[in-house]
Amino acid sequence: QVQLVESGGGSVQSGGSLRLSCSASGYTDNSVCMAWFRQVTGKGREGVATIAIDGSTTYADSVKGRFTISQDNAKKTLYLQMNRLTPEDTASYYCAAYTSGLPYIDRFCPSRTYHYWGLGTQVTVSS
C-alpha cells in the first residue's frame, strides 16, 4: 500500500508560480512511475507529467517549458514546479503512483494505469 498526500495548492494570478508537493508513505520502493494529473470539475482527468525511477520525465504539451516534475527519494516526496501559470491551469491536481513487483526503469509511464492516488490539491489561477 502507498499513501499519497498533496499540498501546495492555492490561488495565484496569471503569470505566477506554485510548487506542489506529494508526500508518499507506505511501501514505496516499487513505485516505478510517479505522476501528476489534473482535473477540472465536469471534465476528464488529464495527465500533466510523469517521472520514472531513473529520473526521466515526460510532460503534456500544454505544460512543457512551464512545469517541472521532480522527486526527492530520501524524503519520499514528489514535486511539481509550475511557472507562468494561466487560468487554463486551474484544476484539482493529483499525484499518483504506479507500482510493480520489482523496481525497473519504465519507459511507458504516461500510458500506465496508476494504482494509488492522493486526494488532490486545488490550484486556481486568476486573470
Side-chain angles (χ1 to χ4, degrees):
Q1 291 285 333
V2 176
Q3 294 79 42
L4 303 170
V5 179
E6 302 94 339
S7 61
S11 297
V12 64
Q13 288 192 327
S14 185
S17 299
L18 283 174
R19 188 176 81 155
L20 305 183
S21 300
C22 173
S23 178
S25 61
Y27 189 65
T28 62
D29 290 358
N30 292 345
S31 295
V32 297
C33 297
M34 296 294 295
W36 287 98
F37 291 81
R38 65 186 181 185
Q39 187 169 22
V40 177
T41 302
K43 295 188 177 181
R45 188 166 53 203
E46 173 190 18
V48 174
T50 71
I51 187 166
I53 60 173
D54 66 342
S56 58
T57 58
T58 69
Y59 295 93
D61 287 344
S62 58
V63 307
K64 277 181 183 176
R66 300 188 299 122
F67 290 12
T68 303
I69 188 172
S70 62
Q71 59 187 1
D72 184 329
N73 291 325
K75 294 182 179 179
K76 293 188 176 182
T77 302
L78 180 72
Y79 301 100
L80 185 68
Q81 177 66 43
M82 306 186 295
N83 298 327
R84 305 201 311 272
L85 286 160
T86 74
E88 288 68 37
D89 296 315
T90 295
S92 293
Y93 284 72
Y94 301 87
C95 69
Y98 172 79
T99 60
S100 176
L102 290 172
Y104 68 96
I105 298 173
D106 195 317
R107 298 302 183 197
F108 300 97
C109 290
S111 61
R112 295 302 185 192
T113 298
Y114 284 72
H115 300 111
Y116 300 100
W117 295 82
L119 295 180
T121 186
Q122 177 67 32
V123 171
T124 302
V125 185
S126 57
S127 57

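Closest of all the heavy-atom pairs between Arg84 and Arg66 is O-NH1, 2.9 Å. Here the closest non-hydrogen pair linking Pro103 and Val32 is CA-CG1, 3.9 Å. Summarising the geometry of Ala49 relative to Tyr59, their closest heavy-atom pair is CB-CD2, 3.7 Å, with the distance given to 0.1 Å. For Gly8 against Leu18, the heavy-atom pair with the smallest separation is O-CD2, 3.9 Å. Of all heavy-atom pairs between Ser14 and Ser127, the closest is CB-CA, 4.2 Å. Nearest approach of Lys43 to Gln39, heavy atoms of both residues: O-NE2, 2.9 Å.
In the model, Asn83 has a side-chain atom that pairs as donor or acceptor with a side-chain atom of Ser17 under 3.5 Å. Defined by atom type and a distance below 3.5 Å, a donor-acceptor pair is present between the side-chain atoms of Thr58 and Thr50.
Taking hydrophobic clusters as Ile, Leu, Val, Met, Phe, Trp and Tyr residues chained together by side-chain heavy-atom distances below 4.5 Å, Val63 shares a cluster with Leu85. Tyr93 is not connected to Tyr114 by any chain of hydrophobic side-chain contacts under 4.5 Å among Ile, Leu, Val, Met, Phe, Trp and Tyr, and they are in different clusters. Ile53 and Val2 are members of different hydrophobic clusters when ILVMFWY side chains are connected at heavy-atom separations under 4.5 Å. In the hydrophobic clustering of ILVMFWY residues, with side-chain heavy atoms under 4.5 Å counting as a link, Ile51 and Val48 come out together. A continuous path of hydrophobic side-chain contacts links Val125 to Met82 [ILVMFWY only; heavy atoms under 4.5 Å].
Annotation for Tyr104: atom OH counts as buried by contact number, over 12 foreign heavy atoms lying within 6.0 Å.
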- [ ] Any chance you could lay out the salt bridge (Lys or Arg N to Asp or Glu O under 4.0 Å) test for Arg107 and Asp54, step after step, and finish with the verdict?
- [x] CA-CA 10 Å; Arg107 298 302 183 197; Asp54 66 342; 2.9 Å; yes
- [ ] Go through the steps to decide whether Phe67 and Trp36 satisfy the test ring pair (Phe, Tyr, Trp, His ring centres under 6.0 Å), and finish with yes or no.
- [x] CA-CA 11 Å; Phe67 290 12; Trp36 287 98; 9.9 Å; no
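Between Tyr98 and His115, the two ring planes are parallel [angle under 30°; tilted spans 30° to 60°].
Once rounded to the nearest 0.5 Å, the distance linking CG of Leu20 with OG1 of Thr77 reads 12.5 Å. Of the inter-residue distances, the one linking Gln1 atom CD with Ser25 atom OG reads 10.5 Å to the nearest 0.5 angstrom. Here OG of Ser56 is found 7.5 Å from CD1 of Ile105. Values are rounded to the nearest 0.5 Å.
Side-chain atoms of Glu6 come within 3.5 Å of backbone atoms of Gly120 as a donor-acceptor pair (strictly under, hydrogens ignored).
Between Leu78 and the choices Cys95, Ser21, Ser31, Ser23, the side chain to side chain contact (heavy atoms under 4.5 Å, CB included) rule is met once, by Cys95.
Counting only heavy atoms from C-beta outward, the side chains of Gln122 and Thr124 approach each other to under 4.5 Å. Annotation: side chain of Arg38 is in contact with side chain of Asp89 (closest heavy-atom distance under 4.5 Å).
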